[in-house]
There are 2 protein chains.
Amino acid sequence: MSVATETKVSLEGLNLTASRRAVLDIVKGAKKPMKAYDILSDLQQVIPHAKPPTVYRALDYLVTNHLLHRVNAQNAFVYCQHHEKCFHDHPERFNVIFTCITCGAITEQAHHVMSNVMAEMTKAMGFMSDSHILECTGVCKECS
Amino acid sequence: MSVATETKVSLEGLNLTASRRAVLDIVKGAKKPMKAYDILSDLQQVIPHAKPPTVYRALDYLVTNHLLHRVNAQNAFVYCQHHEKCFHDHPERFNVIFTCITCGAITEQAHHVMSNVMAEMTKAMGFMSDSHILECTGVCKECS
DNA sequence: ATAGTTATTGTATATTATATCACTATTAAA
DNA sequence: TTTAATAGTGATATAATATACAATAACTAT
C-alpha cells in the first residue's frame, strides 16, 4: 500500500472520506445555504450511487466536527467560516445566525457581551451548549 | 341566530375557530413539545376528519399570533407562557429556548442584558426579528 | 486467521410539510 | 338583496426532509 489513496484526506485530525469531502466542498462552494437534497443532486454528479443517507451521514459528521452549521430555521447547511475562531481560540463564544424569512439570506454575528451573558445563563442552568449557535429569524435590511 | 355558536371564541381580538382552539388546547395541555402529527392524533379525537393541513393551518395562525412558539430544533410546538410579557409589555425582549438534544426538554429564559445586546445587534444590522426567540441546543443539567 | 469491534453502505420506509382546488362563511359595499 | 372581496375549511395528492435497520467491509488485537 505505498500508493496514496484518494479516499481519505486528513484535515486537522479529521477523517474526511470521499463522500464527506465531497459534501463539504459542495456546501463550502455554494453561494447560499444548501438543503440536503440540493446537496444530494450535486453529490450524485460525483458519486452516482449516492442516496439520502449518504448525504445525511456526511452532514452529521461535518456538523459534529464544526465544519458546517446546520440552520434549523431552513433545514439547511452552511460552511462555518470561523471554525478556528469559534472553537479553538474562543470555545465559549456564541454566534447568532440571523435568517431572513423573505430572501433566505443568512448572517452570522458574534458579540462578546452576548457571549458572556449566554455563558452566564448556560452556567447557571447547568446547560452544555453543543453548538454555540443561536438562531434568530426575521426580515433583513434589504427586504424590509 | 340568537343561539351562541361554539365555533368561535374571541380572545384578545383573535379569531379562534374550533380547530385553532382545539390545537391550542392540545399544545397548551401537553407536558412536552408537541409535533404536528402528535397534535393531529389528538385532534382527531375531537375532530375526526382532521387532516395534516388542518393542523398546519391552525399552527400557522397560532404561531403568527404568538400563542405558540415553533421550536425549529425539534420541529415541535410549545405554548408561549409569556404571551403578554413578551409582546405587550416588552416587545423588544428576546427569549432563548434551550433544547436538550438528549431528552428533548425545552426551557425558555430571558435576560434583560441579552435582550439589550440583541436589540443593539439587530438595530445595527437593520434586521427586524419576527419572533424574538433565539434557539440554543445542547445537553441539559439532568442529562449531563 | 479469526473473533470482536468500529465504520460504512444499501434498501426501504418514516416523518414532516405543502400544493391545489372546490366549497362555505363572513363581511362590506353597491 | 345581490354582488364582490376576504378568510376559512375539507379533501386529495404529493413534495420535501429524515431515519431505521440490515448487510457488508475494514480495522485490530490476539
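Every value quoted in this text rests on a predicted model; they were computed, and no experiment measured them.
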#### Entry: Five-pair end axes of the helix from dA1(C)-dT30(D) to dA30(C)-dT1(D) and the angle they enclose, rounded to 10°
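It comes to 20° between the two terminal axes.
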#### Entry: Transitive ILVMFWY side-chain link L16(A) to V63(A), under 4.5 Å
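Same cluster.
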Quick one, [X] and [Y] - any side-chain contact, counting heavy atoms below 4.5 Å?
X	Y	result
L134(B)	E135(A)	no
M125(B)	Q109(A)	yes
V96(A)	M118(B)	yes
C80(A)	L67(A)	no

Options [options], nucleotide nearest the side-chain atoms of [X]:
X	options	value
H49(A)	dA18(D), dG10(C), dA11(D)	dG10(C)
R20(A)	dT11(C), dT8(C), dG10(D)	dT8(C)
K51(B)	dA11(D), dA12(C), dA17(C)	dA11(D)
R57(A)	dG8(D), dT18(C), dA20(D)	dA20(D)

### Query
So with a 6.0 Å cut-off around CE of M128(A), is the heavy-atom count from everything else above 12?
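No, the 6.0 Å shell around CE holds no more than 12 heavy atoms from other groups.
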### Query
Can you tell me if H49(A) and Q44(A) form a side-chain donor-acceptor pair at under 3.5 Å?
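Absent: no donor and acceptor within the cut-off.
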Does OP1 or OP2 of [N] have a side-chain N or O of [X] closer than 4.0 Å?
X	N	result
Y56(A)	dT19(D)	no
S19(B)	dT9(D)	yes
N75(A)	dA18(D)	yes
T17(A)	dT8(C)	no
K35(B)	dT16(C)	yes

Would you mind reading off the distance between [X] atom [atom1] and [N] atom [atom2], rounded to a whole angstrom?
X	N	atom1	atom2	result
N15(B)	dA25(C)	CG	C1'	11 Å
D60(A)	dT17(D)	CG	P	16 Å
L16(A)	dA7(C)	CG	P	15 Å
D38(A)	dT17(D)	CG	P	7 Å
L40(B)	dA11(D)	CG	C1'	13 Å
I47(B)	dA11(D)	CD1	C1'	15 Å
I39(B)	dA17(C)	CD1	C1'	13 Å
Q74(A)	dA16(D)	CD	P	16 Å

### Task
Between Y37(A) and Y61(B), name the one whose nearest nucleotide on DNA chain D is closer to the 5' end.
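By nearest-heavy-atom nucleotide position, the 5'-most residue is Y61(B).
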### Query
Which sits closer to the 5' end of DNA chain D, R70(A) or P52(B), going by the nucleotide each is nearest to?
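On the 5' side of the pair lies P52(B).
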### Query
Under the criterion side chain to side chain contact (heavy atoms under 4.5 Å, CB included), which of V23(A), D25(A), T17(A) is the partner of R21(A)?
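Looking at V23(A), D25(A), T17(A), the match for R21(A) under the side chain to side chain contact (heavy atoms under 4.5 Å, CB included) is D25(A).
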